[in-house]
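Data first, discussion second: the structure below is written as structure tokens.
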Amino acid sequence: MANTKDPFEFQEFEEAESLLEETRDATTINIDDVNEFRKQRRPGRDEVEEDLLANDDKAELLSGQKKNAPFWSFDYYQKFFDVDTYQVRSRIIGSVLPWRGKNFIELYVRRNPDLYGPFWICATLVFAIAICGNLSKFLVNLGSPNYKYTAEFGKVTIAATAIYSYAWLVPLALWGFLLWRNSKVMNLVTYSFMEIVCAYGYSLSIYIPAVVLWIIPSEGLRWFSVVLALCLSGSVLLLTFWPAIKDDHIRVSIAFMSAIVVLNVLLAVGFKAYFFSSESPHQQTNNSSVVTLVQSKPHT
């Protein structure tokens, strides 16, 4: 009977047998096991992040340049609160230590202006003025038999309106003025609106310890702290804005710098005069009564 073999039956070759004999201890991998391992393996964190970045890059390439968020959205202002404690501390220290040739915006604010520090400095100053003003009034009238202490919460609203108006409206006016002068005179240093707001907000930090000293009922100490705070805050602002206006006409430069000083003086003196009066209401009533009697006295 003839030996018939199925032509489709697998046959081992001599070369394969010799290779298996030489590398018998080698590890063999089945392709089905590899596919099963790939299915069961979960992607790691790095691979997920790479996939997300790749998808973002593809989206930007397909849609073109990334669009900026509009200024009325929260996403636009989110970048102005991206600061750490070290940056805020260094900016506060730099705002109370003026040195010749030191530009606050160039050294601390440029390319990364923030609103976190100015916002909380203004908020702290508002409550410090309101609380210390009430405490000062209580100490001035302490021991008066006809005085009854009542907290004046309206001072918080007045202080907030004055401080935030100073920290936002004045920088807005200065920014608009610098833009106008930059269109008239070439090669002037320009600052953005947020950089000016940042400089003005941090310049108010020196008034917080000064306001705390105003609690002490001593006019000499109060005026000394007012003058000291004015000199430190005003010097930082003058050193910061002088490079932006020094190449302009001399009259324009003098008027610009004088406006900065006058507004700073009005803010500090206004706080001292309104929130920390040296006379008690009883003394003010007696003084007004004396004036009324003198005016009503008939002339002979």
Side-chain angles (χ1 to χ4, degrees), residues 88-89 91-93 95-97 115-172 197-237 259-291:
V88 174
R89 183 174 65 249
R91 292 177 180 183
I92 291 175
I93 296 174
S95 66
V96 299
L97 295 176
L115 295 178
Y116 179 86
F119 175 80
W120 286 112
I121 288 174
C122 293
T124 305
L125 184 59
V126 167
F127 287 100
I129 288 178
I131 295 173
C132 294
N134 281 280
L135 289 177
S136 175
K137 182 180 178 181
F138 173 78
L139 293 176
V140 169
N141 296 277
L142 186 63
S144 179
N146 298 325
Y147 174 72
K148 183 179 180 181
Y149 174 76
T150 55
E152 299 180 1
F153 295 102
K155 289 185 176 181
V156 178
T157 305
I158 297 174
T161 303
I163 292 173
Y164 280 101
S165 298
Y166 175 81
W168 283 89
L169 296 182
V170 175
L172 180 62
V197 170
C198 189
Y200 261 82
Y202 278 102
S203 68
L204 293 175
S205 60
I206 188 60
Y207 287 104
I208 296 176
V211 166
V212 176
L213 291 178
W214 293 354
I215 299 177
I216 303 174
S218 174
E219 285 300 304
L221 179 61
R222 289 177 178 177
W223 282 111
F224 173 77
S225 61
V226 169
V227 174
L228 181 61
L230 276 174
C231 293
L232 295 177
S233 177
S235 299
V236 171
L237 293 176
I260 293 177
V261 174
V262 169
L263 291 174
N264 198 5
V265 171
L266 289 177
L267 181 73
V269 176
F271 285 156
K272 166 65 180 63
Y274 183 80
F275 295 97
F276 298 89
S277 177
S278 60
E279 292 184 354
S280 63
H282 181 68
Q283 292 175 345
Q284 294 177 358
T285 303
N286 293 336
N287 293 336
S288 61
S289 301
V290 172
V291 172

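Predicted model only: the values in this text are computed from it and were never measured.
- With rounding to the nearest 0.5 Å, the separation of OG in Ser233 from OH in Tyr200 is 8.5 Å.
- Taking CG of Leu172 as the start and OG of Ser165 as the end, the distance is 11.5 Å to the nearest 0.5 Å.
- In summary, the side chains of Ser205 and Ser95 do present a donor paired with an acceptor at a separation below 3.5 Å, with no hydrogens or angles considered.
- In terms of heavy atoms, Leu237 sits closest to Ala199 at CD2-O, 4.2 Å.
- Between Asn264 and Ile260 the shortest side-chain heavy-atom distance does not fall below 4.5 Å.
- Closest non-hydrogen pair, Ala229 versus Ile206, comes out as O-CG2, 3.9 Å.
- Of the inter-residue distances, the one linking Leu228 atom CG with Tyr207 atom OH reads 10.0 Å to the nearest 0.5 angstrom.
- Residues Phe275 and Lys137 form no side-chain contact, since every pair of their non-hydrogen atoms from C-beta on lies 4.5 Å or further apart.
- Between Val236 and Leu97 there is no side-chain heavy-atom pair separated by less than 4.5 Å.
- Looking only at side-chain heavy atoms (C-beta outward), Trp214 and Phe271 come within less than 4.5 Å of each other.
- The salt bridge (Lys or Arg N to Asp or Glu O under 4.0 Å) contacts involving residues 118-128 comprise nothing, where partners must be two or more places apart or lie in separate chains.
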Item to check | Stepwise side chain to side chain contact (heavy atoms under 4.5 Å, CB included) test for Val261 and Leu230 | outcome: CA-CA 9 Å; Val261 174; Leu230 276 174; over 6 Å; no
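- Once rounded to the nearest 0.5 Å, the distance linking CD1 of Ile216 with CG of Leu221 reads 5.0 Å.
- Residues Leu263 and Tyr166 share a closest heavy-atom pair of O-CE1, 3.9 Å.
- No side-chain heavy atom of Val96 sits under 4.5 Å from any side-chain heavy atom of Tyr202.
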Determine all donor-acceptor pairs shorter than 3.5 Å in which one atom belongs to a side chain in residues 118-136; sequence neighbours excluded.
unit_1	atom_1	unit_2	atom_2	d
Thr124	OG1	Trp120	O	2.6
Asn134	OD1	Glu152	N	3.0
Asn134	ND2	Ala130	O	2.6
Ser136	OG	Arg222	NH2	2.7

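- Residues Pro171 and Ala167 share a closest heavy-atom pair of CG-O, 3.1 Å.
- Distance NZ/Lys155 to OH/Tyr274: 7.0 Å, rounded to 0.5 Å.
- Under the ring-ring contact (aromatic ring centres under 6.0 Å, His included) criterion, Tyr164 pairs with no residue at all, not counting sequence neighbours.
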Item to check | Working for side chain to side chain contact (heavy atoms under 4.5 Å, CB included), residues Phe224 and Leu213 | outcome: CA-CA 10 Å; Phe224 173 77; Leu213 291 178; over 6 Å; no
